[in-house]
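Side chains are part of it too, since the values below use all heavy atoms of this structure and drop only hydrogens, waters and symmetry mates. To find a chain, count down the sequence lines: A is the first, B the second, and so on, and within it residues start at 1.
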Number of protein chains: 2
Amino acid sequence: MKEKATSFDIAHKAGVSQSTVSRALRNSPLVSKETRDKIKAIARELNYKVDKNASNLRQQQSKTLALLLFEDPTSDDSMINPFFLSMLGSITRATANAGFDLLVSFQQFSDDWHADFEDTHKADGIILLGYGDFLEYQDKLQALEEQNTHFVRWGAINESHPGVVIGSNNYQGGKNITRHLISLGHKEFVFIGGADNNCPEFLERFNGFNDALKEAGLLGENQRAKHWDAISTEHSGYNVAKALVESGAKVDAILCASDLIAIGVLTALKDSGISVPGDIAVAGYDNIPLAPFTNPPLSTVKQNTKLAGELLVDALVGQIEGQPVESHLIDAEVVIRHSCGAK
Amino acid sequence: MKEKATSFDIAHKAGVSQSTVSRALRNSPLVSKETRDKIKAIARELNYKVDKNASNLRQQQSKTLALLLFEDPTSDDSMINPFFLSMLGSITRATANAGFDLLVSFQQFSDDWHADFEDTHKADGIILLGYGDFLEYQDKLQALEEQNTHFVRWGAINESHPGVVIGSNNYQGGKNITRHLISLGHKEFVFIGGADNNCPEFLERFNGFNDALKEAGLLGENQRAKHWDAISTEHSGYNVAKALVESGAKVDAILCASDLIAIGVLTALKDSGISVPGDIAVAGYDNIPLAPFTNPPLSTVKQNTKLAGELLVDALVGQIEGQPVESHLIDAEVVIRHSCGAK
DNA sequence: CTGAAAGCGCTTACAG
DNA sequence: CTGAAAGCGCTTACAG
């Protein structure tokens, strides 16, 4: 590797002091346009780049964001939810636009799971992403909060949860797609996926589902809608749907907590010789890129990942800059395809 | 945020010099076990973490790897190939194991696409990932090479291409799955996907396909197998398959350059009332997590992403540490499911 | 085994 | 508008 040029090299060549070089490169109004232009030209010529470590050390910041992605511990390398991949794309973009770099870690939560990113000055703040077990890491979130670490989280918004959260309106999404399913004439509903505090997002989807059913008189005031538990993977969806079919339960519509689950459900129903949507209607949640290509194409709820990524980054950068930032809910949009039985 | 403790704070509390603290924390044999233990205890108590910026500046390194992911420019945020997501998971893990951090950028190649990662000391080396247009960035690779930037690339191995490359044996994979398709009695083969120098990996898959056909006498010595161009997305696969069907061409087996293409092809054939594998057998390449859940389940070629991620990181870290490293080919494994017509 | 000191490459008050 | 100087928090030769 060539020796890297330093600001002193530029200063020498330009016949000015090193301080002036630094100022010129940072577009300080203190240096005359003429000098600045000369310095910039030389910098370009020497392929000079400001040394991040030195700059960061001096400024006591890192201009870097850390992204921590976690999933259910059962999922292996290959099972990361495509939904979060979309998010990742949008987050990298938004991060770059904000002038930050992005450090990524997919590690499962370990003891020092916030990975000391901020403590070591590797990152100015942390973005938390995943459909993990919320109860498991709630305490850790609390700890982050107490250390005044800058962080934002993608998830369900709940007053009692620590930190700033960006999330989509899971309740509304669950309710709207269920209303649609009801309008199609389906009567016997089952929800497949987690519906407890371990995954508050799924729980909200379930709550919307539940309330839509009540609203339509399909469920008594004190009843709770039928619910089969599953984690957010195709395999889990497959197995649970198989079990559901074998149980002989009466069902003509299934809402899944995620598209991944729905894909497993679709395959299981097909393997059981059950027609979708003829015998049973199926809907998912997330609108992953593959949803239009399932068989039949999957009706689902779209979360705006582009907006989400931008809001996440904005909120985090705002926090870092000391601005007041608030949690924010994004509208969820029902996407009708064929698996729900619509024509 | 609490004031962060520095090594001086620890030194003060421990009654030793700051140098000794630094040594103790780095497990230098120069400091007595007793002193070291005391220092470490205090460090833990104060929640002390070495400041990365200072440490890196001093050591002139960053202990960070940069991952650049690029895809066909037509693909939007949500279309990142799930195959690379698997890879990403494996790379983050391997990077962490090697004691490095991972900086991620999904940006399309811009003029300064190597993003000055190494120039600015943000990263010690770069990992390049993607099924992008090879011809477009070959020059940039050359430039990287000339600047002695440390980098490794996932892709096709070719003597004339710059840099160290880790890749799977695309030729063998393409050949083996085609042989399997042939053994099932299929005769009229079409390859869907890029098969030119823009994407050398796909070209190699095509070459394996082509040679398997010749080997079986399904193709004359001077003939080239039938090939319909497509980029690596479901939509492109869908559109091309539609066009193929409408062309009236005789075909009973399709090998797709990627699973994403295959998924689009499957949907297109279904929409055209063509049965898979009854009328036409279909196979993909990559074995993305969803391959078992397509309808019918997709026969494909698996690339060992776990191994790939590890080799990529090993090769890059080796380079950084000045060891000689070489390009490496990983075996590809045929995965039989139902779309190919096997029982 | 330990300490005093230099220095990594910047940014930024301070003085002019 | 510009320069000389301090200092960010470490690591590591040098001296003991």
Side-chain angles (χ1 to χ4, degrees), chain A residues 1-40 42-43 46-64 99 116 118-124, chain B residues 1-40 42-43 46-64 99 116 118-124:
Chain A
M1 196 148 343
K2 275 183 253 159
E3 279 305 303
K4 300 225 171 12
T6 71
S7 51
F8 282 93
D9 299 328
I10 315 260
H12 184 73
K13 262 209 136 165
V16 297
S17 74
Q18 180 268 338
S19 338
T20 301
V21 171
S22 178
R23 287 194 193 96
L25 263 15
R26 319 190 90 233
N27 294 314
S28 160
L30 287 177
V31 21
S32 73
K33 187 176 178 333
E34 196 185 356
T35 325
R36 180 167 57 222
D37 289 346
K38 186 164 87 184
I39 289 172
K40 288 201 170 182
I42 296 176
L46 296 181
N47 194 27
Y48 169 79
K49 299 282 153 42
V50 173
D51 182 301
K52 272 287 167 188
N53 289 136
S55 168
N56 290 340
L57 171 59
R58 180 52 228 254
Q59 294 180 91
Q60 293 295 84
Q61 53 158 30
S62 64
K63 276 289 185 184
T64 300
D116 315 317
E118 197 170 331
D119 286 348
T120 57
H121 279 167
K122 283 195 243 178
D124 298 322
Chain B
M1 198 149 340
K2 273 183 253 155
E3 278 306 303
K4 299 225 174 10
T6 72
S7 51
F8 282 94
D9 299 329
I10 315 259
H12 183 74
K13 261 208 141 166
V16 297
S17 75
Q18 180 267 339
S19 338
T20 301
V21 171
S22 177
R23 288 195 191 95
L25 264 15
R26 320 191 89 234
N27 294 314
S28 159
L30 286 176
V31 19
S32 72
K33 187 175 179 334
E34 195 186 358
T35 323
R36 180 166 58 223
D37 289 348
K38 185 164 89 183
I39 289 172
K40 288 201 169 179
I42 296 176
L46 295 182
N47 196 27
Y48 169 78
K49 299 282 156 36
V50 173
D51 183 302
K52 272 287 166 188
N53 290 134
S55 169
N56 290 341
L57 171 59
R58 181 52 228 253
Q59 295 179 90
Q60 292 296 83
Q61 52 158 31
S62 63
K63 276 289 185 182
T64 300
D116 316 315
E118 197 171 332
D119 286 349
T120 59
H121 279 168
K122 282 195 243 178
D124 298 321

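Each of B:Tyr48 and A:Val16 was matched to the nucleotide of DNA chain D holding its nearest heavy atom; the match closer to the 5' end belongs to A:Val16. Nearest-nucleotide mapping onto DNA chain C: of B:Thr35 and A:Leu57, the residue sitting toward the 5' end is B:Thr35.
Between the P atom of D:dG9 and the CG atom of B:Leu25 lies a distance of 16 Å, rounded to the nearest Å. Separating the CG atom of B:Asp51 from the P atom of C:dC8 is a distance of 18 Å, rounded to the nearest angstrom. Atom pair B:Asn27:CG and C:dC1:P shows a separation of 14 Å (rounding to whole Å applied). Note: CG (A:Asn53) to C1' (C:dG9) measures 9 Å, nearest angstrom. Spacing between atom NZ of A:Lys33 and atom P of D:dT2 amounts to 13 Å, rounded to whole angstrom units. What separates CG of A:Asn56 from P of C:dC10 is a distance of 12 Å, to the nearest Å. One atom, CD of B:Gln59, and another, P of C:dA6, lie 21 Å apart when rounded to the nearest Å. The distance from atom CD of B:Gln61 to atom P of C:dG9 is 14 Å, rounded to the nearest whole Å.
When each of A:Val31, A:Asp9, A:Ile10, A:Thr35 is paired with A:Val21, the side-chain contact (heavy atoms from CB on, under 4.5 Å) condition holds for A:Ile10 and for no other.
Using C1' as the reference atom, C:dT12 and C:dG16 are 16 Å apart when rounded to the nearest Å.
Look at A:Ser32 and you won't find any side-chain N or O under 4.0 angstrom from OP1 or OP2 of D:dC1. For D:dA5, the OP1/OP2 oxygens have no side-chain nitrogen or oxygen of A:Ser19 closer than 4.0 Å. Side-chain N/O atoms of B:Gln60 include one lying less than 4.0 angstrom from OP1 or OP2 on C:dG9. Residue B:Ser17 places at least one side-chain N or O closer than 4.0 Å to OP1 or OP2 of C:dG3.
Residue contacts shown for A:Thr6 are limited to sugar-phosphate atoms, with no base heavy atom under 4.0 Å away. Residue contacts for B:Arg23: at a heavy-atom cut-off of 4.0 Å it reaches a base atom on one of the strands shown. Within 4.0 Å of B:Ser22, counting heavy atoms only, lies at least one base atom of the nucleic acid.
B:Ser22 and B:Gln18 share no side-chain donor-acceptor pair at under 3.5 Å.
Between the side chain of B:Lys122 and the backbone N or O of A:Lys52 there is no donor-acceptor pair closer than 3.5 Å. Between the side chain of B:Asp37 and the backbone N or O of B:Glu34, no donor-acceptor pair lies under 3.5 Å.
Within the shown strands, C:dT2 is the pairing partner of D:dA15 under the Watson-Crick or G-U definition, both distances less than 3.5 Å.
Here the side chain of A:Ala54 is nearest to one of C:dT2, C:dC10, D:dT2, namely C:dC10.
Scanning all heavy atoms of the two residues, the minimum distance from B:Asp124 to B:Ser62 falls at OD1-N, 2.9 Å.
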